Amino acid sequence: MAKARSSFYCTECGNETLKWQGKCPACGAWNTIVEQPAMEGKKKAAAVSSGLGARSPRPMAEVEAVDELRFNTGMSELDRVLGGGAVKGSLVLVGGAPGIGKSTLMLQICDNLCRFSDVLYVSGEESERQIKLRAQRLGIREERLYLYSETNLDDIVAAVQAKKPDILIVDSIQTIYNGDSSSSPGSVAQVKECTMALMHLAKGIGVTVFVVGHINKEGSLAGPKVLEHMVDCVLHFEGEEHNSYRILRAAKNRFGATNEIGVFEMGDQGLAEVPNPSEAMLSGRPENMPGSCVTCVMEGVRPVLAEVQALLSPSAYGNSRRTSNGFDYNRAMMMLAVLEKRGGLALSGCDFYVNVIGGLTLDEPAADLALIVALASSFRDKPVPFDLAAIGEVGLTGELRSINAVNQRLSEIRRLGFTKCLVPARSSGKIIAPAGLNLIRVGNIREAVAMLV
Ligand code: TYD
Ligand code: MG
């Protein structure tokens, strides 16, 4: 018999190759190819996971299309990210770094889900006793919640088929293994096969599945970008180690938009929802300190205020250091160049640090002006007025360009107590200033800088 050959997978994109290579030919990532020993049970596994059963093509007119059934998870921040509640029979992948609070979030939604459905919580990481202790501490209701500490996929599938829960939670996909496959738990092939089997359960018997997945330090689901195209929703749970705020965002959602975020705070009683993120993002803002400016970004349909901080200091050694945390690096570099050239500040020879407080990631051009103001304020060592915010996109000639949803942003800025706001002088829509908010219209960054610092 010919020796079974191993295959090689890229852990970034899941691309399969015949031999090991330093660089993945598909996604171009370096050092991400891992070996998978040959799988004897491959045929069987493929049969299990072949999808939705043998069917033939149907005329579209005959396909009955009722709206998908949604239910609330009891956490409105999570419901928002899912597009208005979880969809029955869908598979949601919740990814995040270890310790961020994925298990806590899953356990907390059980409290509400158990009120109207049977929930099976499968953990491959903790014993039933451990889960119960945590659940008691979090005050989770016990009726209709079933715990199962198991890692074997066949046993889990059998339990689901026997118990027929409405909701299945699997924590985490990397600990589950398929005994028919010879690769080790957590490997790309295993993670793929187990997810397929769970997807099959979701679509087959209509159980809603939440799957927890760990993310490796590069930020991709370990084993798994491959999972992203299989599942219905991919949620990323993010946060900084030393910050209690957690942000849940959708990277993919077959049943809704992906631009909403949910904000939580981790405390003694587990995760608490933060219905008013702007307040949270601005808490502890320093008064009368140079290098800080508040802006307003749109997270989905919700305006959220964010504090942009910048620090410029003379470089100690020939090469200057430039880092950006929470603000797109290339965009930040562009702002630095525009401020130097069009704003007339001699910034070269400075170390440059940018930070966005609270774990938000700003990827909207509307935040440009706030960064320019924060940079200029740090450079001149003059604080920006505490009650001033800035919104506007900055172009390469230093001109300020109009942005969308201006009025919504201005209302939020006013609601949080600001009395002045820098806005682009030319605007495509009509700007209506809320009462008590003084608009300062500026045409370009030179004007903005001259006016403030
Ligand atoms: P956990 O949900 O176990 O993380 P994950 O499943 O994503 O790995 O969360 C663990 C962290 O959360 C741990 O560092 C302690 C913290 N935590 C609290 O601060 N308060 C709580 O009530 C709970 C349950 C956890
Ligand atoms: Mg966990």
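Both ligands and their constituent atoms are indexed starting at 1 by order of listing. The model shown is predicted, which means the values in this text are computed figures rather than measured ones.
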Atom of C296, atom of P303 and distance for their closest heavy-atom approach: SG-CB, 3.7 Å
Member of D351, L336, V354 meeting the side-chain contact (heavy atoms from CB on, under 4.5 Å) criterion with R322: L336
Stepwise side-chain hydrogen bond (donor to acceptor under 3.5 Å, both in side chains) check, R302 with N259: CA-CA 10 Å; R302 213 164 33 157; N259 50 6; over 6 Å; no
Verdict with reasoning, T104 to R134, per side-chain hydrogen bond (donor to acceptor under 3.5 Å, both in side chains): CA-CA 8 Å; T104 309; R134 191 200 295 229; 2.9 Å; yes
Flag for D79-T73: side-chain donor and acceptor within less than 3.5 Å: yes
T175-E125 side chain donor-acceptor pair, cut-off 3.5 Å: no
Taking every non-hydrogen atom, the tightest pair across V294 and A370: O-CB, 4.2 Å
Point-to-point distance, once rounded to the nearest 0.5 Å, from CG of L93 to CG of L198: 10.5 Å
Under 3.5 Å, N/O to N/O: give me all the pairs between ligand 1 and the protein, one per line with atom names and distance.
residue: ligand 1; atom: 2 (O); partner: S103; partner atom: N; Å: 3.3
residue: ligand 1; atom: 2 (O); partner: T104; partner atom: N; Å: 2.8
residue: ligand 1; atom: 2 (O); partner: T104; partner atom: OG1; Å: 2.5
residue: ligand 1; atom: 2 (O); partner: R134; partner atom: NH1; Å: 3.3
residue: ligand 1; atom: 3 (O); partner: R134; partner atom: NH1; Å: 3.2
residue: ligand 1; atom: 3 (O); partner: R134; partner atom: NH2; Å: 3.1
residue: ligand 1; atom: 4 (O); partner: G101; partner atom: N; Å: 3.1
residue: ligand 1; atom: 6 (O); partner: S103; partner atom: N; Å: 2.9
residue: ligand 1; atom: 6 (O); partner: S103; partner atom: OG; Å: 2.6
residue: ligand 1; atom: 7 (O); partner: I100; partner atom: N; Å: 3.4
residue: ligand 1; atom: 7 (O); partner: G101; partner atom: N; Å: 3.0
residue: ligand 1; atom: 7 (O); partner: K102; partner atom: N; Å: 2.8
residue: ligand 1; atom: 7 (O); partner: K102; partner atom: NZ; Å: 2.8
residue: ligand 1; atom: 8 (O); partner: G99; partner atom: N; Å: 2.7
residue: ligand 1; atom: 20 (N); partner: G267; partner atom: O; Å: 2.8
residue: ligand 1; atom: 22 (O); partner: D268; partner atom: O; Å: 3.1
residue: ligand 1; atom: 22 (O); partner: G270; partner atom: N; Å: 2.9

Side-chain donor or acceptor of R285 paired with backbone N/O of F386 under 3.5 Å: yes
Atoms (protein N, O or S; no water) under 2.8 Å from the Mg ion (ligand 2): 1
